[in-house]
Amino acid sequence: MKAEDVVEVVPTQSWNQKFEREIAERAVAALEEGRVVLFEGLRFVLDPEEERFLSPKIVDNSRKNISFDPATRKLGGTHLTGAERERLAAMLDRFGAVTTRLMQNLAPSYAPYLERARTSFRPVEIDQRPTSARHDDRRLHVDAFPTRPMHGRRILRVFSNIAPDGTPRQWRVGEPFPEFAAKFLPRLRPPLPGSAWFLEMLGLTKGRRSAYDQIMLGLHDQGKLDERYQAEAPRAALELLPGNTWAVFTDQVLHAVLAGRFALEQTFHLPLEAMRRPELAPLSVLERMTGRRLV
Ligand code: SIN
Ligand code: FE
C-alpha cells in the first residue's frame with residue numbers, strides 16, 4: 001500500500017479557513033471512504049506559558065494520555081493542580097474549539113450533528129507508554145471502547161502534532177474495513193447472554209452495548225492479538241510532521257502509531273444520518289456481512 005492512496009491532502013492556512021466547495025466535497029468523500037484528510041500546514045500554536053506542558057512528566061504514571069471532557073470540564077490523567085491545571089484544561093478546550101470550527105467549515109452538512117466528545121493530549125513518547133497488547137496502539141486496529149457503546153455512531157478524530165523539535169508522528173494505515181472485517185468476523189464468539197445488561201447495571205459501560213459494539217470490540221481485540229496479522233497485513237506508512245493536522249474516521253480506518261510524542265486529539269461523534277454515504281460506515285458493512293440488524 002502507498003501513502004498517496006490513503007491520504008487526501010488539503011493545504012490549510014488557518015483554523016477559520018473557508019474551503020472551496022469542490023475541495024471540501026473531495027475531503028468529505030475521502031473521510032467517508034476511509035482515507036486520512038491531512039490539513040497540511042495547519043499548526044496549533046501554543047501560548048508561551050503553555051510550552052511548559054510539553055513534557056511527559058505531566059502525565060500520571062499509569063496513564064497514556066491526559067483527557068478533557070468538554071461537558072464536565074474535567075481533566076483526567078495529570079497530577080497538575082490549581083492554576084496550572086486550569087491552564088492545561090484551557091489549552092485542550094481551545095484545541096476542541098478550533099477543531100470543531102475546522103470540521104464545521106469543511107463539512108457544513110455534518111455541522112448540526114457533530115458532537116464534540118473528549119479532547120486528549122498525548123505527550124508521552126509512544127514507545128514509553130505502559131501497555132498490554134489490547135491497549136497497544138502500535139498494533140493495527142479500529143477504535144472501539146469498552147466503556148462507551150456507540151450504537152453505530154461514528155468516531156471522527158482530529159489530531160495535531162505539536163512536537164517542538166521536529167519529531168514526526170509515525171502512523172500506519174491498514175487495509176479497507178470490509179477486508180479486515182471479513183477476516184475477523186467469522187472468528188468472533190457471541191457474547192454471553194445478558195452480559196451487556198450486566199455490564200450496564202454494574203456501571204461498567206455508559207449505556208448498554210449493542211451487538212454492533214460487541215462486534216467492534218471483538219474486531220479491535222482479535223485484530224490486535226493476532227501476531228500474524230500484525231506482522232503481515234498490508235499497510236502504508238505515514239509520517240505526520242509537527243505543524244500538521246489530520247482527520248480520520250478511526251472506527252473505520254485501521255491505524256497504528258509507532259512513534260512520536262506531543263499530539264493533541266479531538267474526538268467527535270457523528271450519527272449515520274449525517275453521512276453522505278452511510279453504506280460505507282462500519283455498521284452498514286457489518287449488517288450486510290451478518291445479514292442482521294446490529295443496533
Ligand atoms: C490511536 O488512536 O490508536 C493512536 C493514534 C495516535 O495517538 O497518534
Ligand atoms: Fe486508535
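Atoms within a ligand are numbered from 1 in the order they appear, just like the ligands themselves.
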**Request:** Assess the side chains of D165 and T167: does a donor N or O sit below 3.5 Å from an acceptor N or O?
**Result:** yes

**Asked** Cut-off 3.5 Å, side chains only: do N61 and H79 have a donor facing an acceptor?
**Response** no

**Asked** Under 6.0 Å between the ring centres of F184 and Y229?
**Response** yes

**Asked** H141 heavy atoms, cut-off 4.0 Å: which ligand 1 atoms fall inside?
**Response** 1 (C), 3 (O)

**Item:** R169 contact mode with ligand 1 (heavy-atom cut-off under 4.0 Å)
**Value:** side chain

**Message:** Other residues, nucleotides and ligands only: do more than 12 of their heavy atoms fall within 6.0 Å of CD on E232?
**Reply:** yes

**Prompt:** Any idea which protein heavy atom is nearest atom 7 (O) of ligand 1, and the distance to it?
**Reply:** R122 NH1, 2.7 Å

**Asked** Going by the order shown, which atoms of ligand 1 are within less than 4.0 Å of some heavy atom of H255?
**Response** 1 (C), 2 (O), 3 (O)

**Message:** If you consider just the N/O/S atoms, which atom of D143 is the closest one to the Fe ion (ligand 2)?
**Reply:** OD1

**Prompt:** Between F95 and F44, is the gap from one ring center to the other below 6.0 Å?
**Reply:** yes

